[in-house]
There are 2 protein chains.
Amino acid sequence: MDIIVVSGRKRKFDEQTALQAAMEVFWAKGFVGASLAELTKCMKINKPSMYNTFGNKEALFIKATQYYIEHNLTSHSTALYEPNTPLHTRLKNYMMSIVRMQCSTEQPKGCYLVLCQSEVAGGDIPTDAAALLTEAEARPKLLLSELFRNDKEAILLGLHHNCAGNALSLYTALKGTAAMARSKVSSSDLEYVIDTMLTGMFSASEAHASSVQTIQ
Amino acid sequence: MDIIVVSGRKRKFDEQTALQAAMEVFWAKGFVGASLAELTKCMKINKPSMYNTFGNKEALFIKATQYYIEHNLTSHSTALYEPNTPLHTRLKNYMMSIVRMQCSTEQPKGCYLVLCQSEVAGGDIPTDAAALLTEAEARPKLLLSELFRNDKEAILLGLHHNCAGNALSLYTALKGTAAMARSKVSSSDLEYVIDTMLTGMFSASEAHASSVQTIQ
DNA sequence: TCTCAAATATACCATTGAGTACAATACAGG
DNA sequence: CCTGTATTGTACTCAATGGTATATTTGAGA
């Protein structure tokens, strides 16, 4: 079943290029903050082209979000499975890979998902888009959680006893760095933060026991 | 020089009450996301009243932000100076006091400043308001930094060697928890995150030395 | 070269955004 | 009980928003 090519005027723009441009606008401004005027200007197409290629603002946003996940999120996780590498190093590389992206001057600062997810709570994001954002946010948390559950070294260190908690700690740190990045804090400053969090996690078993005693 | 009372129709609403209502709208929606229609509806006044009491949207936002700082931010810091209390406990109480506020159902989720600061990067916030937000964000970081510099126990533990770094770590964690709170994560889940970060910080001197060796 | 579907450009629509003009109203001082 | 002043309610302005109708181009197939 081949694609039926029905003749007509040829498209002047590349869909992927336009999508990337749209993604960067959403990344900088959020869903609500990004206007169609600015979107189409950056995409270098006009509104009717946008509407009959992508559907509407929400559909464009969903495709842009998927583009972000594929191109700017998935890549980092390879660091987690690097063979012959201590878990601490793999986690640190993973975290810093993300932090460096958050701080990069090549792209908008911070994290696309963190920014837009915070709009969801405001209630101004359409249902389907909100669902995608929520699902996308759950992914890295699950990835880390599974790592702690299955990784040999993690089990040896006892980190598998609280997979979810440890994953939440790291993910929360990354949300924090995303916010800091947006305020123009440098990735080298944030490296200290990541180190602190990892140190805390790796000395968890003893430390948490003592902290429980400390609190009232 | 007394206040000259020139007679006229009496104001029907209380300025502070209206301001608090406005603050909650900004807290939930951000500066751009909060429309005058919604603001005035929640403040239970109409637009002309709002304009001749507060000036305009930006002026209202600035007053609402100051209201937030006074009523929802300053109070937490007393925990930092509680006498006869170990530093670890004081920090934990401080952090959890903020986290509980972020997760409270009595108010919008997350942190007013984190949400609005992220809009600043988008460029849609007027200059004066943006300056206030930036200044407000610097405050807790400075507070923590000074604590690490001057507190006897902090000095004993060597935490004064990197005041800024340690302050940044804690503040970044709080920005992270603010974002998580907005995604409806509970304060009890986030307590584990705070514990992890504090543990990391308190075992900093040794840990950071070893982590430097670990990375590449 | 004629045809016709698909893409473009321009102009438009309804709604909502921030901000205002103005008349009606309420209140203190004389 | 007037008079003047400040607040309120309604109705407006003007620009920007998401989304479309329509006419004009383009190019592959017959």
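The sequence lines fix the lettering, A, B, ..., with proteins before strands; numbering per chain opens at 1. What you see is a predicted model; the values in this text were computed from it and never measured.
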Show me the side-chain donor-acceptor pairs of residues 179-187 of chain B shorter than 3.5 Å, one per line, residues at least two apart or across chains.
residue, atom, partner, partner atom, Å
B:R182, NE, A:S118, O, 2.8
B:R182, NH1, B:K109, O, 3.1
B:R182, NH2, A:S118, O, 3.1
B:R182, NH2, B:A28, O, 2.6
B:S183, OG, A:K175, NZ, 3.4
B:S186, OG, B:S188, OG, 3.1
B:S186, OG, B:D189, N, 3.2

Round to the nearest Å and state the distance from [X] atom [atom1] to [N] atom [atom2].
{"X": "B:K12", "N": "D:dA6", "atom1": "NZ", "atom2": "P", "answer": "19 Å"}
{"X": "B:R11", "N": "D:dT5", "atom1": "CZ", "atom2": "P", "answer": "18 Å"}
{"X": "A:F13", "N": "C:dA6", "atom1": "CZ", "atom2": "C1'", "answer": "12 Å"}
{"X": "A:N46", "N": "D:dT24", "atom1": "CG", "atom2": "C1'", "answer": "13 Å"}
{"X": "B:N52", "N": "C:dC22", "atom1": "CG", "atom2": "P", "answer": "16 Å"}
{"X": "A:D14", "N": "C:dA7", "atom1": "CG", "atom2": "C1'", "answer": "15 Å"}
{"X": "B:F61", "N": "C:dG19", "atom1": "CZ", "atom2": "P", "answer": "14 Å"}

remark   = Value for OH (A:Y171) from CZ (A:R139), rounded to nearest 0.5 Å, stands at 11.0 Å

Side chain of A:K10 - closest among C:dT8, D:dA28, D:dT8 = D:dA28

task = Kindly point out which of D:dT7, C:dA6, D:dG27 is positioned nearest to the side chain of A:R9?
result = C:dA6

Between [Y] and [X], is there a salt bridge with N-O shorter than 4.0 Å?
{"X": "B:E38", "Y": "B:K41", "answer": "no"}
{"X": "A:E191", "Y": "A:K92", "answer": "yes"}
{"X": "A:E137", "Y": "A:K141", "answer": "no"}

Shorter than 3.5 Å, N or O on both sides, protein versus nucleotides 15-18 of chain C: list them out with atom names.
residue, atom, partner, partner atom, Å
C:dA18, OP1, B:A34, O, 3.3
C:dA18, OP1, B:L36, N, 3.2
C:dA18, OP1, B:K57, NZ, 3.0
C:dA18, OP2, B:L36, N, 2.6

inquiry  = Under 4.0 Å from OP1 or OP2 of D:dT5: is there any side-chain N or O of B:S7 that close?
reply    = no

ask   = How are the rings of A:H88 and A:F202 set relative to one another: parallel (under 30°), tilted (30 to 60°) or perpendicular (over 60°)?
value = tilted

